[in-house]
Amino acid sequence: MCIQLHKEVRPIDGGAIVVFAGDDGYGSSARARRLESLAERGRIGQVLAVGKVIATLGPVTTNLRIVSLGTHRFEDMLPEEEVASLSIGAGFDAPTFNLEGLDLYDHNLPVFFDSFVGRDGMIDEVIGAADTTRLVTLVGCGGVGKTRLAIHAAARLMLDGFHVLRLVRLAEADRGGDIGSVVAAKAGIRSARIEDFVGAYRAKRCLFVIDNCEHVLASAVSVVRRIITEIPGALVLVTSREILDLGGEVAIEVPPLSLPGEEYDFSSIERSGAVELFVDRLRERAPEFQVGEECLDSVVSLCRRLDGLPLALEHAAGQAAYLGLEECERGLSRRFDLLRSERRDYDERHRTVWATIDWSYGLLSDKEKHCLCSLSVFAGSFSMSDATAIVSDEVVDETSAQSVLTSLIRKSLVVREFDSRGNAVYHMLETVRDFARAQCVDRGDRMRARHFEHIRGLVDSAFDTWEGKASPVKFADLQGRYVDVKAGLDWGVEADHPSIAETLRRLTRYWIEYGPISDGVRFLKRAVQPSIDSDQFSCDHANALAAMLWMDGKFDEARPIFERVLSKASLMGDLVTAATAHNNLAGLSIHSNDASAAVEHFRLAYGIYQEAGESGKAAMCAANLGYQLARAGEQAEAINVLRGALSEGRGIVPFETEAVLLLNLSDALRFDGRIDECLSVLCEVLSKCSANEHASSVPKAVLRACIALQKRCGAEDVARLYGIASQGFAEFSSTEFGERAAMQIEVVKFLGSSLVPDERDRIVAGGAVVIGSQRVREALIIIKKALDMSVE
């Protein structure tokens, strides 16, 4: 247990009781971690006192014995402090306690007064790597915390038996110069000669932390190679924004701190290193700040916008202590003005996030700078082919684009990850991307134009040429790039690109499938609505906008657009477009519960499609017309329309359309009381489904059979059919949600009155297995049994 006098109580399972008094200038998390470390070192029943509390407890009682255990500094990197063991009662000796710390070793590690959070797993990774090699390189972008991680890992490694630990900082070393003398001098060699340095440490087990090598990489490689070659007991821990690329080197990529997932709550964010660091640094300057439910979203949003980058989080926390969370988040629109600090212990490279990134940018070649700026046009992840399409120009040709991108990855300015298929995907941290965009303002429009053309190509390739059907695989690919699709569309609309409306029209199928529909409405309104208002519109583009409004539930906005399309198409003699407009207006009438208007529009559409020779569209329209007639009580006309369409379409229309006609015919026959004919039609649907391997129509046919068979079959047969139908709907998507739900409710009511719940659930579960030919056959057996038919 840890007890902080005057402040708080922090219980720990097992270990000693540790007490200390008041504020001591450390960060709260740093102090808490030291207390926990000390508690774990002790034994149950032992009481340890730390720092100022020793003097405070002295005069409390004559029975209190205080035995000093000395002044120590531990691997938490906080300053050294006095530790004492407390006991009460005469003759009670203080138990022995192992307080071995860094003070017993020869090292030059700095002192920190704040906490080091979110990197426990990485420290273990560094220590594990040190067991297998003598050269470990920590690589990552500027501000990610490589130096601090290396120092804390070195402190832990120091306790594993190294005689000497030397931290050598190279930030101020001249670019391109020989760093041998710098390393020797910082390692304590007066002559500052590399030969004397090697000689002084050759017989010792040494740990060298060589920090910040990227600007002197060639010289660093030479020195490190000499150390591991000529000092047998040496372990070298390097930090750099680029690996040394030496044999035996183990490179550990230091990522930003972990961020909360998409679904988070108050308890889960405690596992986020980014949130922990941000809150800890904010509390250092504003101790009264508390993270509550109301500000949780703001904290998470800030941490995400800052990519979990420790330096950016620290600067933002310092600003949030004075500005508050909301104002700080707004300030990220000008992030490089916000992300700065006046802390005196920061070097110039870390006073601002801009300076940190600019340090890396200044080390790039002209081609690398050009490539980085071009890649900043991507808002999300991109592939190598995406990057090549954008980067290749008069400065970086297509053959060298890949090698330049590889160099940017090596230099930690572009992040590489692997998807589930093992393919490499890339992205830039938002902060790096904003910096890169600021470097190429003069060619921003040209870059965005190239990006839009690339996105347009992706959209075009997502559509097959056969009957204009969308490719599901390529649609899924678009979904993974949707952030960039939106960014490209934004530019296309702003620039009023000639192809933007057509690109948006093609994307309506994507939004219907994947959403969000609101995006489709927003983009199409911006690109198409002005032309509709001026009467200079394309019917196809207007239809796309109206369809998106319809899908978004904005029926009153969609109707006048469809009406204008109908009027224009009629004047131009465009029969197919006019029929489609009637078809769409019929759909809107259904949503408005105007059945008579829906029937009239479907009738008109059906006649026009027939006149235009569009048999497939006419058949589908007949299916809708027949269904609406049947629902309106006009079963005779519905049956005639549906049978007529089936007769005209056999062998011409695809099976999907024929299946819809048959299903709707079965409903019309059932509504008319002709159950035997209804079941015969459903048997035909199931037989055709099996022959055509068109399993998505099976659950619809089986569910309709459930309705028809309720008075003909036992409840067990209906329950089993219902299980088959339910499983089918789970496997295959259907847009007929309202109809399906109404029919399922009807069946469940019947089952509920015919079977006890446990028996019903058992039978339903028996039917709910993967839809396949066996299940289609089983459904046919049950239905044909009711019709007293034989099964072949």
Donor-acceptor pair, R283 side chain versus F289 backbone, under 3.5 Å? yes

Are L413 and L364 side-chain neighbours, meaning at least one heavy-atom pair lies under 4.5 Å? yes

Test item: P310 and R119 side chains (from C-beta on) under 4.5 Å apart, heavy atoms: yes

Quick check for you: to the nearest 0.5 Å, what is the distance between L325 atom CG and L302 atom CG? 6.0 Å

Quick test of your reading of the model: are R506 and E502 salt-bridged, counting only N-O distances below 4.0 Å? yes

Not counting sequence neighbours, which residues clear side-chain contact (heavy atoms from CB on, under 4.5 Å) with D484? List them please. F378, A379, H451, I455

Mind checking salt bridge (Lys or Arg N to Asp or Glu O under 4.0 Å) for E75 and listing every partner two or more places apart, or none if nothing turns up? R41

Mark yes or no for whether R285, through its side chain, and G318, through its backbone, hold a donor-acceptor pair below 3.5 Å. no

Counting C-beta onward and ignoring hydrogens, is there a side-chain heavy-atom pair between V300 and L259 closer than 4.5 Å? no

Verdict with supporting geometry, H370 and D393, side chain to side chain donor-acceptor pair (under 3.5 Å): CA-CA 10 Å; H370 185 86; D393 57 14; 2.6 Å; yes

Backbone N or O of P256 within a donor-acceptor pair of the D307 side chain at under 3.5 Å? no

Can you measure from CG (L524) to CG (L549) and round to the nearest 0.5 angstrom? 8.5 Å

Flag, side chain of D211 to backbone of V168, donor-acceptor distance under 3.5 Å: no

Heavy-atom count check: over 12 atoms from other residues, nucleotides or ligands less than 6.0 Å from E288 CD? yes

Evaluate R330 against E327 for salt bridge (Lys or Arg N to Asp or Glu O under 4.0 Å), listing each step before the verdict. CA-CA 5 Å; R330 272 200 297 268; E327 189 62 34; 2.5 Å; yes

Side chain of D76, backbone of L78: donor and acceptor closer than 3.5 Å? yes

Worked verdict on V139 versus T239 for side chain to side chain contact (heavy atoms under 4.5 Å, CB included): CA-CA 6 Å; V139 292; T239 75; over 6 Å; no

Would you sort out whether R156 and D124 count as a side chain to side chain contact (heavy atoms under 4.5 Å, CB included), showing the intermediate values? CA-CA 9 Å; R156 287 267 301 276; D124 292 339; 3.2 Å; yes

Between V299 and V275, is there a side-chain heavy-atom distance shorter than 4.5 Å? yes

Gap separating the CD1 atom of I357 from the CG atom of L309, nearest 0.5 angstrom: 7.5 Å

Is there a salt bridge (Lys or Arg N to Asp or Glu O under 4.0 Å) between E557 and K525? Walk through the geometry before answering. CA-CA 11 Å; E557 293 183 53; K525 267 193 169 183; 2.9 Å; yes

Does the ring of F116 carry R148 above it, NZ/CZ under 6.0 angstrom from centre and within 45° of its axis? no

Is the backbone N or O of D337 less than 3.5 Å from a side-chain atom of R340, with the two atoms forming a donor-acceptor pair by type? yes

Carefully, step by step, assess Y514 and L478 under the rule side chain to side chain contact (heavy atoms under 4.5 Å, CB included). CA-CA 10 Å; Y514 294 100; L478 273 187; over 6 Å; no

Indicate whether any N or O donor in one side chain lies under 3.5 Å from an N or O acceptor in the other, for T356 and R351. no

Heavy-atom count around Q402 CD within 6.0 Å, excluding the residue itself: above 12? no

Please check this pair: side chain of Q439 against backbone of F435, looking for a donor-acceptor N/O pair closer than 3.5 Å. yes

Main-chain N/O of A389 paired with R450 side-chain donor or acceptor, under 3.5 Å: yes

side-chain contact (heavy atoms from CB on, under 4.5 Å) involving E214 - partner list, sequence neighbours excluded: N212, S240, R241, W359, L363

Determine whether R522 and D490 make a side-chain contact, defined as any pair of heavy atoms from C-beta on separated by less than 4.5 Å. yes

For Y426 and D386, run side chain to side chain donor-acceptor pair (under 3.5 Å): C-alpha distance rounded to whole Å, both residues' side-chain angles, the deciding distance at 0.1 Å, then the answer. CA-CA 10 Å; Y426 313 94; D386 294 329; over 6 Å; no

Would you say the side-chain atoms of S381 and R481 include a donor-acceptor pair closer than 3.5 Å? no

Relative to each other, are the rings of W491 and F452 parallel, tilted or perpendicular (30° and 60° limits)? tilted

Residue pairs involving residues 411-421 (criterion side-chain hydrogen bond (donor to acceptor under 3.5 Å, both in side chains); sequence neighbours excluded): E368-K411

Please determine whether salt bridge (Lys or Arg N to Asp or Glu O under 4.0 Å) holds for the pair E494 and R448, giving the CA-CA distance in whole Å, both sets of side-chain angles, and the decisive distance to 0.1 Å. CA-CA 11 Å; E494 289 171 14; R448 294 190 69 189; 3.7 Å; yes

Check salt bridge (Lys or Arg N to Asp or Glu O under 4.0 Å) between E430 and all other residues, then give those that pass, not counting sequence neighbours. R305, R335

May I have the step-by-step check of side chain to side chain contact (heavy atoms under 4.5 Å, CB included) for C371 and L408, ending in yes or no? CA-CA 9 Å; C371 182; L408 292 175; 3.8 Å; yes

Distance-only, no hydrogens or angles: does the H215 side chain make a donor-acceptor pair with backbone N or O of L170 under 3.5 Å? yes

Can you tell if the side chain of C328 reaches within under 4.5 Å of the side chain of L338, non-hydrogen atoms only? yes

Kindly determine whether Y510 and D519 satisfy side chain to side chain donor-acceptor pair (under 3.5 Å), including the steps that lead there. CA-CA 11 Å; Y510 170 86; D519 278 354; over 6 Å; no

I'd like to check the salt bridge (Lys or Arg N to Asp or Glu O under 4.0 Å) partners of R410; sequence neighbours left out, ordered by chain and number. E242, D245

Determine whether E329 and S301 satisfy the following criterion, side chain to side chain donor-acceptor pair (under 3.5 Å), listing intermediate values before the conclusion. CA-CA 8 Å; E329 190 172 6; S301 176; 2.4 Å; yes

For the pair K367 and D397, evaluate salt bridge (Lys or Arg N to Asp or Glu O under 4.0 Å) and give the outcome as yes or no after the intermediate values. CA-CA 10 Å; K367 283 190 175 183; D397 59 42; 5.2 Å; no

Within the structure provided, determine whether S383 and N423 are in side-chain contact (heavy-atom separation under 4.5 Å). no

Nearest-0.5 Å distance, OG1 of residue T503 to NE2 of residue H541: 8.5 Å

Separation between CE (M77) and NE2 (H152), nearest 0.5 Å, reads 5.5 Å

Counting heavy atoms not belonging to D366, are there more than 12 under 6.0 Å from its CG? no

Under the 3.5 angstrom rule, does the side chain of R456 hit a backbone N or O of I500 as a donor-acceptor pair? no

Hey, could you give me the CD1/CG distance between I210 and L167, rounded to the nearest 0.5 Å? 10.0 Å

Do I390 and M447 come close enough that some side-chain heavy atom pair is under 4.5 Å? no

